[in-house]
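First the structure, in the form of structure tokens, and then the observations on it.
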Amino acid sequence: MEFLYYPGCSLGVSASNYNISAIKVCEELGITLKEINDWNCCGATSFIALDELMGTVVSARNLAIAEKQGFKELVVTCSGCYVTLKKANTHMKERPKFKEQVNEALGAANMTYSGNVEIRHLIEVLALDCGLEKITKSIKKPLKNLKIAAYSGCQLVRPYCTFDNKEFPHVLDDLLKTTGATVVDFEFKARCCGGMLMQTNKEIAEKMVLDILEDATRHNADCIATACPLCQMNLEGFQGSINTHFHKEYKIPIMPFTQIMGLALGLKEGDLKIKRNLISPELALAK
Amino acid sequence: MALNTTTTTLEEEFVLYANETPEFEAVKRCIQCGTCAGSCPAVKWMDYSPRKVFGMLRSGLVEPILKSRTPWICASCYLCTARCPKNIKITDIMYALKRFAIKENIVPQDITGHILIKTFTSMVFKYGRNFEAEMMTTFLLKTNPFSAISLTGLALSLYMHQRMEILPHRIKAMNELSAIIKKAELISKNGKEE
């Protein structure tokens, strides 16, 4: 199976461990992720807060490229990109005049976009296209003693997601259960990590992350699995600062879910870039 | 000195804006059930809850909403949107309120969200992608240089773990992306849909 892949800005750099492990896990399962040509930022939450048309065309350029490359689907690993690109499609479908304007702007670079490229998150592709059965059969090193809190976060399951429950998601849990690990029951799995509030209103975002860390700990999780680079950064990069501000001693490894799957599939730690994690999962994995 | 009779008030400006922004139409459907306010993980830091925002907008108390912190505290998690029994795209309305506040230059004093937005978009105007190191440095220097110091540790740690680059990556067809963005800006200025 081959899919066109849109890594997005964070995956290239601050979530490179997520990106590389995602590509390796897919390879191991017979899926090729082909990187889309000369992609640009999806626009994230910023462009849409400045100008709706500008935000949509920034997304649409990527989708126009996907279409030109002959693909009907585009796979993403970032939940922010997932919502932003899907929002561009939704606006174009629901508002014909707006769609014309998007294409008028794309015309400045002789591009055009139909609005029909389907955006799919990697967890959907793995769970549905590859299938849980095939993954289960490919597991070489079951992680029997590991307890995982599967953190889906918000934008992966809301508002456009069609493959999972918007409030009680289970697809990430299903995927991680194939590894033989225990996926703990975890009420905060679809709560928000604060997103960009970590930059603008740190005290609010830190409290939101603290609630997630507390809930995962309450359920005895050894690590938290993420499927979004922003969740990963907020939960991992700011854990130290949260400890300082709230007088806690959390040291919970935050792992891109693909690293956990990769380990169970028998891939090497080096291939999955586990040394790039800021909080070492060594203790959790030694269990 | 004669009053300039062509000056429109902020509220009149907003009515025009709301009329050309499809999401606002749905505000009429709000039944004030409070599901949005009860669902919001950030509501306790807002000055008006989302429920109150819609209630006030409808009863004509427009100006305090336009100048409120609420849209800037919205983390864009879409829980309210997913739960609203009247299918109001609440999160999208928060974005629309942000756009209006930026346009009219009425963002509350203690808010930095608009600066983040402008810094982030400036990266894309320059490189076509976000350049995290420059984006964060620029944003912090503009807003809170002191916190820049506190984030140095994280930046260094990311760098040591090969998760921070010190040189930007510029997309090949930057000229094309710039042309598309410029054109979109022009269309937006010259007239909305409908």
Side-chain angles (χ1 to χ4, degrees), chain A residues 9-10 12-17 38-41 43-54 56-58 61 83 94-95 97-98 101-102 104-109 111 154-155 158-159 166-167 191-192 194-197 199-202 204-205 208 237-238 240-241 273 275-278, chain B residues 21-22 41-42 45 72-73 75-79 81-83 89 91 95-96 98-99 102 111-118 120-121 123-124 128-130 132 136 139 143 147 150 153-154 157-158 161-165 169 171-173 175-177 179-185 187-188 193-194:
Chain A
C9 302
S10 303
V13 190
S14 62
S16 60
N17 50 351
D38 203 35
W39 54 271
N40 57 267
C41 167
T45 49
S46 288
F47 272 88
I48 209 80
L50 206 57
D51 185 274
E52 228 177 4
L53 183 64
M54 210 198 283
T56 307
V57 299
V58 167
R61 178 180 173 270
V83 161
E94 290 175 356
R95 293 152 63 180
K97 180 81 174 102
F98 189 75
Q101 292 178 333
V102 171
E104 195 186 334
L106 288 175
M111 296 175 100
C154 56
Q155 297 195 339
R158 290 188 298 269
K166 288 182 168 63
E167 293 204 41
R191 282 291 284 268
C192 174
M196 296 305 274
L197 286 181
Q199 271 68 49
T200 58
N201 298 76
K202 201 158 176 260
I204 301 177
M208 288 163 82
F238 292 88
S241 156
K273 301 296 173 199
K275 286 227 157 62
R276 292 191 187 184
N277 294 19
L278 304 183
Chain B
T21 309
W45 293 281
W72 301 100
I73 301 302
S76 194
C77 82
Y78 294 92
L79 190 55
T81 304
R83 286 181 178 171
K89 293 178 176 174
T91 313
Y95 278 115
K98 283 185 208 182
R99 288 197 293 274
I102 293 177
I111 291 297
T112 55
H114 60 305
I115 302 172
L116 187 72
I117 286 163
K118 285 183 179 163
F120 186 96
T121 50
M123 293 297 111
V124 182
R129 294 181 189 171
N130 180 22
E132 290 163 332
M136 282 315 296
F139 171 69
T143 52
S147 75
S150 73
L154 175 58
S157 176
L158 286 170
H161 288 83
Q162 293 175 274
R163 284 167 60 183
M164 170 86 90
E165 277 176 6
H169 174 101
I171 67 165
K172 286 186 206 124
N175 54 338
E176 288 185 13
L177 178 63
I180 291 170
I181 294 174
K182 269 202 192 101
K183 183 76 185 174
E185 221 176 346
I187 300 169
S188 278
E193 52 195 305
E194 269 105 49

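Below, chain A is the first sequence line, B the second, and so on; all start at residue 1.
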With a 4.5 Å limit on heavy-atom distance, are the side chains of [X] and [Y] in contact?
| X | Y | answer |
| --- | --- | --- |
| Gln199(A) | Thr112(B) | no |
| Thr45(A) | Lys98(B) | no |
| Val13(A) | Leu158(B) | no |
| Leu278(A) | His161(B) | yes |
| Pro22(B) | Phe98(A) | no |
| Met54(A) | Ser188(B) | no |

CG on Asp51(A) to CD1 on Ile102(B), rounded to 0.5 Å
10.5 Å
To the nearest 0.5 Å, how far apart are CG in Asn201(A) and CH2 in Trp72(B)?
11.0 Å
For the pair Lys275(A) and Gln162(B), evaluate side chain to side chain contact (heavy atoms under 4.5 Å, CB included) and give the outcome as yes or no after the intermediate values.
CA-CA 9 Å; Lys275(A) 286 227 157 62; Gln162(B) 293 175 274; over 6 Å; no
Could you tell me which of Asn17(A), Asp38(A), Leu197(A), Asn40(A) has the largest number of non-hydrogen atom pairs under 4.5 Å with chain B?
Asp38(A)
Looking at Leu177(B), Thr21(B), Thr81(B), which makes the most heavy-atom pairs under 4.5 Å with chain A?
Leu177(B)
Salt bridge (Lys or Arg N to Asp or Glu O under 4.0 Å) partners of Arg191(A), counting only residues at least two apart
none
Could you look at Glu132(B) and say if it's the side chain, the backbone, both or neither that has a heavy atom under 4.5 Å from chain A?
side chain
